[in-house]
2 protein chains.
Amino acid sequence: MARREQLILDTARDLIQREGLLTLQMSRLARACGLAVGTLYLHFDTKEDLLLALATGNAESRLGLFARAAAWNGPSRERLLAVAVADTLALEQAPELFRLHQYVLTEVVWNAASLRQRQRMLDATAPIQSLLDGIVARAIADGDLPDTHGMAARELVLGAWCQCLGMHTLAHAEGLLDSHEVRQPYRLLFKQLNLLLNGYGWLPLMAPVEDAAVAAQVERLCRHVFDLPLPFCVAHARRLAPDSRPATEASR
Amino acid sequence: MARREQLILDTARDLIQREGLLTLQMSRLARACGLAVGTLYLHFDTKEDLLLALATGNAESRLGLFARAAAWNGPSRERLLAVAVADTLALEQAPELFRLHQYVLTEVVWNAASLRQRQRMLDATAPIQSLLDGIVARAIADGDLPDTHGMAARELVLGAWCQCLGMHTLAHAEGLLDSHEVRQPYRLLFKQLNLLLNGYGWLPLMAPVEDAAVAAQVERLCRHVFDLPLPFCVAHARRLAPDSRPATEASR
DNA sequence: GCAGGCCGTGAATCGGATTCACAATCGCGC
DNA sequence: GCGCGATTGTGAATCCGATTCACGGCCTGC
């Protein structure tokens, strides 16, 4: 029954957020759900399938935030940035889930999951593309984006997507950015995004691109579009929300 | 003995390239090396440690290519792009190894590896940063980069790094880019990089940024800097080199 | 030649995902 | 209400593969 599938996914999400991806076990998950192990396998072929389903459900739930960003009635350039803000907000609420997302995109998980789940994941991201396509189309129509440099809308926004994805990835590999003396990855992300949009010639250009202006922009978007304060990771943190679960043993 | 450690790593690399990351087993690796399982564990605490060591060794070996790019005596802007080309060339030669890299950056592996190996990985990437720092410093000195927008050299190049990392990640998740109708991720990557550099105001600007010009630029860099032809993935492929190992079962 | 330590071995152990024989429950015809 | 086949849920048993460790062989110093 669909209700039970949801229970499993919700419980799994809880467990992962509480104890980390590393320690998720099918047997403990079953116990936490009050179900037998075998029952989990009535819903999901493998553990990888379950993880992929979880990531998919998560992507679907973020869709709401993205839609809000895309529907916001502001300048086209800021609408696109608002989507990036939505992404960051979602991540800050649930950092573990990004790690999950990153993990399932890995060959080891992706190729071990069933075609069905993979397709569901792909389907779940399609609406995001439509939203982005819409933003670009509108920008072109409004004259904010005089030149697409021969790219389709989805190719164009891929640059921003890569920027976000890359930064998330680096920000999550513990110690990696520290060792490169990068202190505020998320503020840097929005700076880079503005520079990239400037490179596209997406009007109105932001010039000069400097910390204060970028922070103000992000805060404005948070407030006007989502009615939320500036996310912690943009405001102060060197990393995502402080990790509250007990530190995993550093090594053995 | 160090020689034996190298044998293990080389054999592991072979196995992964031949049969994929998914199916690497310590016992089979031991057999392939002509060693006992226990012997592997004299060198590496865990499987994750071994994978991380492999990725580290790989990063070190790519350093040669990167150094060649950085040492090339061309315009500063193209020197930076040459590093991205080096990255792409290395990946094309060994796509499995990128998947490995991506996998080890994942929480599940990264946090399961020993501190020692993690530090070695971080150390291995430090020289790359120095190379990039050097390129940026030179660009500033030469007047090619009039404004760093308040960023340190390493923050600035992080944008390009994220762009590459993000695109690699997406290009490797089978079917993901196809479903978004992105046909030539690597040509697109270099286009985006040029747009980003334009956004930085890194002279000489490329304008207009179009397919033919970008392809010509990448080919020029391959030839002049590395004495190699245009990599397949930039020239034609929708993805990295055609996958020659037997297809993993799509699902169960 | 011999005791002691070191190294390499691979069979045994262990953890955890997956399966499957069985039990419980259900729906239906009588 | 009752019996019976079908369907669903169970969790102990199985299986796989990473990791360990008790052993045997080798080398070194005496």
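Reminder, nothing fancy here: chain letters follow the sequence lines and each chain counts from 1.
Across all strands, R4(B) comes closer than 4.0 Å only to sugar-phosphate atoms, never to a base (heavy-atom distances). Among the heavy atoms of the strands lying under 4.0 Å from L24(B) are primed sugar atoms or P, OP1, OP2 only; no base atom is included. The residue L40(A) sits apart from the nucleic acid: no heavy atom pair falls under 4.0 Å.
Just one residue in the list F98(B), F66(B), W161(B) forms a side chain to side chain contact (heavy atoms under 4.5 Å, CB included) with D87(B), and that residue is F66(B). Shown are Q192(A), M167(A), H168(A); of these, the side chain to side chain contact (heavy atoms under 4.5 Å, CB included) with P185(A) is made only by M167(A).
Residues G38(A) and S27(A) each lie close to DNA chain C; by heavy-atom proximity, the contact nearer the 5' end of the strand is made by S27(A).
Taking atom CG of L35(A) as the reference point, atom C1' of dG11(D) lies 12 Å away to the nearest angstrom. Look at NZ on K47(A): it is 11 Å from C1' on dG15(C), rounded to the nearest Å. The CG-C1' distance, from L29(B) to dT9(C), rounds to 16 Å in whole Å. One can place CD of E48(B) at 14 Å from C1' of dG15(C), the figure rounded to the nearest angstrom. For the pair E5(B) CD and dG8(C) P, the interatomic distance rounds to 12 Å; values are reported in whole Å. Distance, L50(A) CG to dA17(C) C1': 12 Å, rounded to whole Å. Distance L42(B) CG to dG10(C) P: 13 Å, rounded to the nearest Å. The distance from atom CG of D45(A) to atom P of dT19(C) is 9 Å, rounded to the nearest whole Å.
For the residue pair E92(A) and C233(A), the shortest heavy atom distance occurs at OE1-N, 2.9 Å.
Within the 4.5 Å cutoff, no side-chain heavy atoms of L52(B) are placed close to those of V109(B).
Side-chain atoms of R154(A) do not come within 3.5 Å of backbone N or O of D133(A) as any donor-acceptor pair. A donor-acceptor pair is defined here as one N or O able to donate and one able to accept, closer than 3.5 Å; such a pair exists between the side chain of T23(B) and the backbone of E19(B).
Taking the C1' atoms of five terminal pairs at each end of the helix from dG1(C)-dC30(D) to dC30(C)-dG1(D), the two resulting helix axes are inclined by 10°, rounded to 10°.
When each of dG17(D), dT18(C), dT10(D) is scored by its nearest atom to the side-chain atoms of Y41(A), the top-ranked nucleotide is dT18(C). For V37(B), taking side-chain heavy atoms from C-beta onward, the closest of the listed nucleotides dT19(D), dT9(C), dT18(C) is dT19(D). For T39(B), the listed nucleotide lying nearest its side chain is dG8(C); candidates were dT10(D), dG16(C), dG8(C).
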Q: Go through the steps to decide whether D10(B) and R13(B) satisfy the test salt bridge (Lys or Arg N to Asp or Glu O under 4.0 Å), and finish with yes or no.
A: CA-CA 5 Å; D10(B) 290 343; R13(B) 187 176 303 122; 3.1 Å; yes
